[in-house]
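For reference, the structure is listed below as structure tokens.
Naming convention: chains lettered A, B, ... in sequence-line order (proteins, then strands); numbering from 1 in each chain.
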Protein chains: 4
Amino acid sequence: MAGVNKVILVGNLGADPEVRNLEGGNKVATLSIATSENYTDRDGNRQTQTEWHRVNLWNGLAGVAEQYLKKGSKVYIEGRLTTRSYEKDGVTRYSTDITARDMVMLDSRQDGQGAPYEAAPPQGATVSETPQAVGASEVSNDDPPF
Amino acid sequence: MAGVNKVILVGNLGADPEVRNLEGGNKVATLSIATSENYTDRDGNRQTQTEWHRVNLWNGLAGVAEQYLKKGSKVYIEGRLTTRSYEKDGVTRYSTDITARDMVMLDSRQDGQGAPYEAAPPQGATVSETPQAVGASEVSNDDPPF
Amino acid sequence: MAGVNKVILVGNLGADPEVRNLEGGNKVATLSIATSENYTDRDGNRQTQTEWHRVNLWNGLAGVAEQYLKKGSKVYIEGRLTTRSYEKDGVTRYSTDITARDMVMLDSRQDGQGAPYEAAPPQGATVSETPQAVGASEVSNDDPPF
Amino acid sequence: MAGVNKVILVGNLGADPEVRNLEGGNKVATLSIATSENYTDRDGNRQTQTEWHRVNLWNGLAGVAEQYLKKGSKVYIEGRLTTRSYEKDGVTRYSTDITARDMVMLDSRQDGQGAPYEAAPPQGATVSETPQAVGASEVSNDDPPF
DNA sequence: TTTT
DNA sequence: TTTT
């Protein structure tokens, strides 16, 4: 029954995050992320192909995105595919998004012009929806690593 | 500019593969794959959430899918997300698919009723769009491992 | 500073799990997993290359491994690389293991000879070290999906 | 038989790449990459845990590493685990490395002091051991995407 | 040491 | 539409 549904992206935000505070007290941030691949076409010319992805982050991750990400930011995202259906103009339509489970910010702090992030975390800070206490890597101690 | 666009799925086919032979000589197989996750809801009841994924396989991979996969087959898929737009009834609509890069068949041969596959490859046979010659794992020899 | 350290395996157990109950109350199961790749060498002969991996599972995952896995079982493992050093005969030696974060069992129930698992979970049951409540896939409700 | 053996890293080089040109004409570059995770220990203190990984890149990838990477560079690596054994002082020892299949450079060009890269590719350029021609994302054309 |  |  169970399976694996995993997406891994490294790309840049095409716009600032859109953040919504929902009635039930949850927060969701939506990112539009471009992943580009370079390749050489059959005529030998270099081409770039870009895909755009809608990524939803919830609560803790949404707060970090709201605070630290902006248009142009580079991020690593791990999540899962979720397709939802909705009615529009009497037609059923589908939208496929990525729900993030982990995010790593990949921009250098020092690359900013000015001081865009007041309380910026260290470059590359990892944020998980479900924070994990990571113990020592020794198998022989009595401490689980997750 | 370049980035990462990766999808990893383990799930079951909801139907037999749909195979099309294109005019240019290419072959494409489309799979409908379900990935299911079990969880306990806030009332303590076990629930299953299923996502459905459209996966396109090309040429070599398509041929293997056509020959060996059927409704119910369990597979591992690695690929990338591709969103295309199309017009329907004068409205632009979007469809997000997965283009497969690698596939591993996860069914045992012996689970079949009868002998569905005349020339079945070993269970779990890996098929790549771009077959790789894998050398010895010794770093010290003069042989690259890919 | 933060980064990504991820391992994904699909392979078979070379032996039954080794389970230890530690003094602090933790349980650890160690799996020896083979991943095999087929390729054609430069002389055109089919070859198989097998890598062996040591995988450690903790507590909840260890219990599931102890109960349901055995020599020959096929599993999907997601985890991270952990290298530890130890002294042996006055020499510092290193061992690189994988610490599992998720496991999916890939064997069919019906492939058993007899009834090896009294209370076997559904085929492909996913077990996580940190169980996740997964909500609906609707973005528009007020329910976070993780 | 076949399986999956995949490693994904995002981390920084602890030293400049070590490059060797082998007798058979192959080139190999070895990277030492740190992946760090932040967590809160049971006393509520923030801790960082760092793992170090040995990554081997061959030929084309090795050339790119040699030319563009240096101590401190941030990279995304995808590859597979390879364990080799060797004799030292009459004892069999094991070493587990990662053989890279893809690399994405994650540093901004503009972060350099001076002009370290004469012919630097765009930031985040992806390099694969086996370059892939990536076609259009339209399923309906006759062009395979890999 | 697995699997086919 | 799958799987258990």
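Between the CE atom of B:Met105 and the P atom of F:dT3 there is a distance of 18 Å, rounded to whole Å. Put simply, CG on C:Asn12 is 4 Å from C1' on E:dT3, counting in whole angstrom units. One atom, CD of B:Gln49, and another, P of F:dT1, lie 18 Å apart when rounded to the nearest Å. The distance between atom CD1 of C:Ile33 and atom C1' of E:dT3, rounded to the nearest whole Å, is 12 Å. For C:Leu31 and E:dT2, the CG to P distance is 15 Å, given to the nearest whole Å. Between B:Asn38 atom CG and F:dT3 atom C1' there is a gap of 10 Å when expressed in whole angstrom units. Between the CZ atom of B:Arg46 and the C1' atom of F:dT3 there is a distance of 15 Å, rounded to whole Å. Note: CZ (C:Arg54) to P (E:dT2) measures 18 Å, nearest angstrom.
A donor-acceptor contact under 3.5 angstrom links the side-chain atoms of B:Thr50 to the base of F:dT2.
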Chi angles and distances behind the side chain to side chain contact (heavy atoms under 4.5 Å, CB included) call for B:Arg54, B:Ile98: CA-CA 6 Å; B:Arg54 245 176 90 88; B:Ile98 293 147; over 6 Å; no
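Here B:Asn45 pairs with B:Asp41, B:Asp43, B:Gln47 under the side-chain contact (heavy atoms from CB on, under 4.5 Å) rule; sequence neighbours left out. Here A:Lys6 pairs with A:Glu78, C:Glu78 under the salt bridge (charged side-chain N to carboxylate O under 4.0 Å, His left out) rule; sequence neighbours left out.
The aromatic ring of B:Trp52 does not sit over the base of F:dT2; the criterion of centres under 5.5 Å apart with planes under 30° is not met.
Distance from the side chain of C:Ser36 is smallest for E:dT3 among the nucleotides F:dT1, E:dT3, E:dT1. Of the candidates E:dT2, F:dT2, E:dT1, the closest approach to any side-chain atom of B:Ala34 belongs to F:dT2.
For the side-chain contact (heavy atoms from CB on, under 4.5 Å) with B:Leu9, the qualifying choice from A:Asn5, A:Val7, A:Val4 is A:Asn5, the only one to do so.
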